[in-house]
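The structure appears below as C-alpha cells.
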Amino acid sequence: MMVEQDIAAGDHESALRLVDELSEHFGRLEEAEAHRTRIGSLRRAEVETRIEEEMRSIRRLLEAGDWSGATRAAERFQRVLPDAPGAEDLVRQVAAARRRHSIELESRMRDAHADGRIDEAMTLLRDLDRHLQGEEAGRMVDVAHAIIVAHRDLLGTRFRAAVGERRWTDAVELGETIARDYPNTRMAEEVGELMRGLRQKVEAGRDPRSTS
C-alpha cells in the first residue's frame with residue numbers, strides 16, 4: 001500500500017526504497033521486480049512528457065520570433081535533461097533556425113525594395129531588426145538606410161497629397177506617423193506646424209470622409 005501511495009504521489013525514489021525493502025528484508029523478489037519494472041516505465045513516461053513539453057515551448061518561442069527566449073529554453077533543456085535525444089545540439093539548432101529566418105526576411109526585404117514596394121520593405125526591415133545579432137546588422141546598413149529614406153519620403157508625399165485633396169483625417173494620421181517614426185527630421189517639424197490646423201478641420205467635420 002505504501003509503494004502504491006508513493007507511486008500515486010510521483011515519489012518514485014521513495015517507492016524504489018520500499019521496493020528494495022520488500023526484496024531484501026521480506027524476500028518478495030518477484031513482487032519487487034514487478035514494481036521496479038512498473039516504476040521504471042512510469043519514470044521514462046514522465047521524462048518523455050517533460051521532453052515533449054519543453055520542445056513545444058521552444059517551438060512556440062521560435063514561431064513567435066523570440067530567439068532569446070528560445071535560446072534560454074534550449075539551454076534550460078540541456079541542463080535539466082542532458083541525456084535527452086538531441087539535447088546537446090539544441091542551442092545550435094535554435095541559432096541555425098534564427099539565421100535561416102533572417103536570411104529569408106532579408107531576401108524578401110531586398111526584393112520588395114527593388115520592386116518599389118516600400119511599405120512592405122519597411123515592415124520587413126522592422127521585423128528583421130528583431131532577428132539580427134552582433135555583426136550581422138553591419139551588412140544591412142546601406143539597404144536599411146535606403147529603405148528608411150524611401151519610406152520617409154513616401155510618407156511625405158502621401159501627407160502632401162492628403163492635404164492638397166482636403167482629406168484631413170488622412171493627413172492627420174499620416175502626420176502622426178511621420179512624427180512618431182521620424183521625430184528629429186525637418187519633415188516632422190514642418191508637419192508639426194500644420195497638425196493643429198488639420199486637427200481642427202477634422203473636429204469641425206470638414207473632412208470629406210467625415211461628411212460622406
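Along the sequence shown, residues carry numbers from 1.
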Same hydrophobic cluster for [X] and [Y], using side-chain heavy-atom links shorter than 4.5 Å among ILVMFWY?
X	Y	answer
Phe77	Trp67	yes
Leu194	Val202	yes
Leu61	Leu105	no

With rounding to the nearest 0.5 Å, note down the distance linking [atom1] in [X] to [atom2] in [Y].
X	Y	atom1	atom2	value
Leu174	Thr157	CG	OG1	10.5 Å
Ile118	Leu125	CD1	CG	11.0 Å
Asp127	Glu106	CG	CD	13.0 Å
Glu75	Arg79	CD	CZ	6.5 Å
Met122	Arg152	CE	CZ	11.0 Å
Gln78	Asp89	CD	CG	8.5 Å

If I compare all heavy atoms of [X] with all of [Y], which pair ends up nearest, and what's the gap?
X	Y	result
Val191	Gly175	CG1-CA, 3.5 Å
Ala162	Asp170	CB-CB, 4.0 Å
Ala70	Leu62	CB-CD2, 3.8 Å
Pro183	Ala188	O-CB, 3.8 Å
Ala73	Ile58	CB-CG1, 3.7 Å

Taking the side chain as everything from C-beta on, heavy atoms only, tell me whether [X] gets closer than 4.5 Å to [Y].
X	Y	result
Arg100	Glu104	no
Tyr182	Thr177	no
Val172	Phe159	no
Leu124	Ile147	no

Note: Asp181-Arg126 ion pair, threshold 4.0 Å (strictly below): yes

Side chain to side chain contact (heavy atoms under 4.5 Å, CB included) evaluation trace for Glu120 with His113: CA-CA 8 Å; Glu120 181 181 348; His113 179 234; over 6 Å; no

Return yes if some donor-acceptor pair links the side-chain N/O of Ser107 with the main-chain N/O of Ile103 below 3.5 Å, else return no. no

What's the verdict on salt bridge (Lys or Arg N to Asp or Glu O under 4.0 Å) for Arg199 and Glu176, showing C-alpha distance, side-chain angles and the deciding distance? CA-CA 11 Å; Arg199 289 193 177 101; Glu176 290 173 345; 3.4 Å; yes

Before giving the answer on salt bridge (Lys or Arg N to Asp or Glu O under 4.0 Å), spell out for Asp115 and Arg110 the whole-Å C-alpha distance, their side-chain angles and the decisive distance to 0.1 Å. CA-CA 9 Å; Asp115 292 343; Arg110 289 181 181 275; over 6 Å; no

Does Arg186 CZ have over 12 foreign heavy atoms under 6.0 Å away? yes

Verify the neighbour count for atom CG of Asp142: are there more than 12 heavy atoms of other residues, nucleotides or ligands below 6.0 Å? no

